[in-house]
Protein chains: 2
Amino acid sequence: MVRKPTSKETARKPNMREAILAAAEELFATNGFNAVSVRDIAQAAGANPGSVTYHFKTKDGLLLEIYRRHCGPMNLRRSELLAAAKRVRDLQDRLEAIVRAYVVPAFTSGSDLAGGGARFTRLRAVMSAEGNEVARRIIAQTFDDTSHAFIDAIHESLPHVPRTEIVWRSHFLLGALYYSLVTPERVSRLSRGEADGSDAAAAIEQLVQATVASFQAPALDQAAPARRRAAASNKT
Amino acid sequence: MVRKPTSKETARKPNMREAILAAAEELFATNGFNAVSVRDIAQAAGANPGSVTYHFKTKDGLLLEIYRRHCGPMNLRRSELLAAAKRVRDLQDRLEAIVRAYVVPAFTSGSDLAGGGARFTRLRAVMSAEGNEVARRIIAQTFDDTSHAFIDAIHESLPHVPRTEIVWRSHFLLGALYYSLVTPERVSRLSRGEADGSDAAAAIEQLVQATVASFQAPALDQAAPARRRAAASNKT
DNA sequence: TTATCTTTTGTACGATAGTACAAATCACAT
DNA sequence: ATGTGATTTGTACTATCGTACAAAAGATAA
């Protein structure tokens, strides 16, 4: 039966299910899917192993539910930000706004799970690297629409760059985004402590700045298979 | 005891050990460390599970040996290419040569294992995502020197960009590189078949082009902490 | 209260994991 | 051919995996 909100409180639902989801999300995101056992998750959530089976049936089902929880709100948030970005008149500013609309939801707070969050993005990065089948299916059918929308929007503000190259460069963006969340400590280490890889605001600014520049690079697709130095034509 | 090269041939050593290494490399790179069992590896190599234990003692030892096999030659190759790149006079061309020196060895042929190769790079990407401890240790102590050398070289050809930002952008480069090798089919899919994500030459050109542009982006570190207009209002 | 659901617990089962180890086999110097 | 060390095989042990399931506990409506 569908549960109905009971008399006393509407929000005071038992949090065991949520605790399991949160613990699983964290553990999967940091250790991968196969390295984490159901018992690990249960322990981290303060629950009984059997409780995981009860709520999610299988370990795959648990992962599936994590995705279901986040995908909708995250894509919604991205769509809203994208729509706002498309209303920017200046092409240069619009491009930056579009990129920001793509990047920001991926980084912002895992505390309010309203949509996106760094933890879920890191989870996606890890699942992608592991070639997880469950994740692969969900991603292709959930994120491709959004990805196409962003690619098209970027293409519109960079009409002289072939769509194929936009695809490549947005692919690089996602890779950079993922990697920034997977190993932020590498940034701190290589910068000898001068930068903090875990600083989401800094990561966003750096990523947006670098990515916008990469999108604005001249196309190489059709023109020059042999690239001589026409490279001085660096317009901005 | 140490094996000595025998009379007949020097190179005709039994290939079981090599076969195991190759099979493990492939399986780890595509499925992650924990998802692959020693028995899987043995079967793929046409060997007996016990044979793996004999040659590498533990599963970790096998992974360790894979890294040992590749790290030396790969860093050597990168150093050579970097040294050559640094001799390029024109700053713009030099930057591109440096980036290329970093990227090319990561992509080129897994058939001759002389140094680098896409398969090993993909392996590193996956291990990094999984937070593998063995890999983490090796990487920090093996690749950081090379990374610093590249960062310094890039910094020299872009003196006006703070080193911290070079670090960020080269981090993005590595992330893009990794991701291109992890999910090349995504490029094919999003480009609706117009690009082939598995085409190493194309990936290299696209990555170099995009990365050089991102390095040449103006620095944002000191100048403008508040960008003109925040495209999206962040409540948070 | 009692009756009925939902949730949690405890435990158990079969499968598979990594690894150890003795026996069998192979390669080669003598 | 024979002995010796290197390699391969087969098997077994223990630990842990995902999952099932019955019983206990908790909650809700009458």
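Since this is a predicted model, take the numbers as computed values, not measurements. Residue numbers start from 1 in every chain, and the chains themselves are labelled A, B, ... in the order their sequence lines are given, proteins ahead of strands.
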Please work out which of the three classes, parallel, tilted or perpendicular, describes the rings of B:W168 and B:H171, given edges at 30° and 60°. perpendicular
Measuring to OP1 and OP2 of C:dG10, would you say a side-chain N or O of A:N48 lies under 4.0 angstrom away? yes
Whether the A:R77 and A:T108 side chains hold a donor-acceptor pair (N or O, under 3.5 Å, no angle test) is what I'd like checked. yes
Please write out each protein N/O paired with an N/O of nucleotides 20-23 of chain D under 3.5 Å, distance rounded to 0.1 Å.
none

Could you give all pairs that pass the salt bridge (Lys or Arg N to Asp or Glu O under 4.0 Å) test and reach residues 30-47 of chain B, with sequence neighbours left out? none
Presence of salt bridge, A:E25 and A:R122, under 4.0 angstrom: no
Suppose we screen for salt bridge (Lys or Arg N to Asp or Glu O under 4.0 Å). Which residues come up paired with A:R192, at least two apart in sequence or across chains? none
Contact check, residues 28-39 of chain A vs DNA chain D, heavy-atom distance under 4.0 Å, returns A:V36, A:S37, A:V38, A:R39
Report the relative orientation of the aromatic rings in B:F120 and B:H70; use parallel for angles under 30°, tilted for 30 to 60°, perpendicular for over 60°. parallel
Considering only heavy side-chain atoms of B:Y54, the closest of C:dG18, C:dT9, D:dT8 is D:dT8
Answer yes or no: is there an ion pair linking A:R163 with A:D152, defined by an N-O contact shorter than 4.0 Å? yes
Answer with yes or no after comparing the ring centroid distance for A:Y179 and B:Y178 against a 6.0 Å cut-off, counting only values under it. yes
To the nearest angstrom, how far is A:I41 atom CD1 from D:dC17 atom P? 11 Å
Is the cationic atom of A:R124 (NZ for Lys, CZ for Arg) positioned less than 6.0 Å from the six-membered ring centroid of A:F143 and within 45 degrees of its normal? yes
Work out how much the helix from C:dT1-D:dA30 to C:dT30-D:dA1 bends between its end axes, five pairs an end, to the nearest 10 degrees. 10°
Report the distance from atom CD of B:E18 to atom C1' of D:dT8, rounded to the nearest whole Å. 17 Å
Which pairs count as side-chain hydrogen bond (donor to acceptor under 3.5 Å, both in side chains) when at least one residue sits in residues 41-53 of chain B, sequence neighbours excluded? none
Would you say a side-chain N or O of A:H55 is under 4.0 Å from OP1 or OP2 of C:dT8? yes
